[in-house]
2 protein chains.
Amino acid sequence: MNLDATFAALADPTRRAILARLALGETSVTDLAKPFAMTMPAVSRHLKVLERAGLIARSREAQWRPCRIEPRALKAVDEWLNDYRRFYDESFDRLDVYLKKLQAGKSDTKAPHAKDKRHGGKK
Amino acid sequence: MNLDATFAALADPTRRAILARLALGETSVTDLAKPFAMTMPAVSRHLKVLERAGLIARSREAQWRPCRIEPRALKAVDEWLNDYRRFYDESFDRLDVYLKKLQAGKSDTKAPHAKDKRHGGKK
DNA sequence: CGGTTAAATAACGAGATGGTTAAATACCAG
DNA sequence: CTGGTATTTAACCATCTCGTTATTTAACCG
């Protein structure tokens, strides 16, 4: 939604680490704070930044406030990238065309020119 | 390469607008500055931020310093997103599996389960 | 109630950011 | 060398950011 806030939130390594942790599953603030050499208030504010950026959401469970990943902002970043993929993803055009053909119901017996790194990039 | 710098650079709307302009083609600093209600030094520094973030590159042509998009950092952002696509892109897993099969040299005569929005996402 | 735990808020300071104006640099053309 | 154009650098200022410590809110438990 608000790319300014989203990119700004993602610019901090602590916040990206928090997201990486949340990718493993919902958890509490204290638990999120453990790996970091900083006080709880600092983590608490990082979470607020992530929340206002649309990157996480928080619920309430007794005195805990479990956090989870919120897809909206991530999707917005991905969509913003759409206008630029052609600059770095050589397989973009070819693959796009190929998928469109498949969707049109036309089954192609020939595989696309081999190395389509996209999505497969485990590296 | 350095996601901190890259995301920070992308957090500014002026800088994203500059990138959008550069997506149309290489151009000069003065030309890039025209749409903005700010002085040249300000634009010049935005360009420096983009350059240090690996988002643009600059060459020299007489007294002009044409800028162009540099794919590295954009690709890094896209790759960072890989760990999170499953949260917002429902077709991710299915398509990934399908591409792996193709890369394995196995030509599938059956199209994947129809609606793969990815890449075709023209809205 | 009083005590404990989880988390947020307040107030503060060092350093980064984003703009300004004024001056410097780099190149081309007489 | 002189002048003109394109761009960067320097110095400065207001505001934001990220950390701190101290305090406060909220919910549970005996």
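A note on names: the letters A, B, ... follow the listed sequences, proteins ahead of strands, and every chain is numbered from 1. Just so you know, these numbers come straight off a predicted model, no measurement behind them.
Rounding to whole angstrom units, CG of residue L47(A) and C1' of dC18(D) are separated by 14 Å. Rounded to whole Å, atom P of dC18(D) lies 10 Å from atom CG of L50(A). Taking atom CG of D31(B) as the reference point, atom C1' of dA6(D) lies 12 Å away to the nearest angstrom. Atom NZ of K48(A) and atom P of dA10(C) are 8 Å apart (whole Å). Taking atom CZ of residue F36(B) and atom P of nucleotide dG19(C), one finds them 10 Å apart after rounding to whole Å. To the nearest angstrom, C1' of dC16(D) lies 11 Å from CZ of R45(A). In this entry the distance linking CZ of R58(B) with C1' of dC27(C) reads 16 Å, nearest Å.
Legend: side-chain hydrogen bond (donor to acceptor under 3.5 Å, both in side chains) pairs involving residues 36-50 of chain B, not counting sequence neighbours, sorted by first then second residue: R15(B)-H46(B).
Of the possible polar contacts, none joining the Y88(A) side chain to the D78(B) backbone as a donor-acceptor pair under 3.5 Å is found.
Not one side-chain nitrogen or oxygen of H46(B) sits closer than 4.0 Å to the OP1 or OP2 atom of dT17(C).
In terms of the salt bridge (charged side-chain N to carboxylate O under 4.0 Å, His left out) criterion, residue partners of D4(A) (sequence neighbours excluded) are, by chain and number, R16(B). Residues passing the salt bridge (charged side-chain N to carboxylate O under 4.0 Å, His left out) test with R65(A): none are found, sequence neighbours excluded.
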Sequence neighbours excluded and cut-off under 3.5 Å, please list the side-chain donor-acceptor pairs for residues 53-60 of chain A, or say none.
| residue | atom | partner | partner atom | Å |
| --- | --- | --- | --- | --- |
| R58(A) | NE | E51(A) | OE1 | 3.3 |
| R58(A) | NH2 | E51(A) | OE1 | 2.7 |
| R60(A) | NH1 | A62(A) | O | 2.9 |

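The 12-atom threshold is not exceeded at CZ of R52(A), counting heavy atoms of other residues, nucleotides or ligands nearer than 6.0 Å.
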Polar pairs (N or O, both sides) under 3.5 Å between protein and nucleotides 21-30 of chain D?
| residue | atom | partner | partner atom | Å |
| --- | --- | --- | --- | --- |
| dC28(D) | O4' | Q63(A) | NE2 | 3.4 |

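R86(B) and D89(B) are not joined by a salt bridge, as no carboxylate oxygen comes within less than 4.0 angstrom of a charged side-chain nitrogen.
Checking each of L24(B), L50(B), L74(B), I18(B) against I69(B) for a side-chain contact (heavy atoms from CB on, under 4.5 Å) leaves exactly one that passes, namely L74(B).
Near DNA chain C, meaning a heavy atom under 4.0 Å away, the residues from residues 2-26 of chain B are D12(B), R15(B).
W80(B) places a side-chain heavy atom less than 4.5 Å from the side chain of L10(A).
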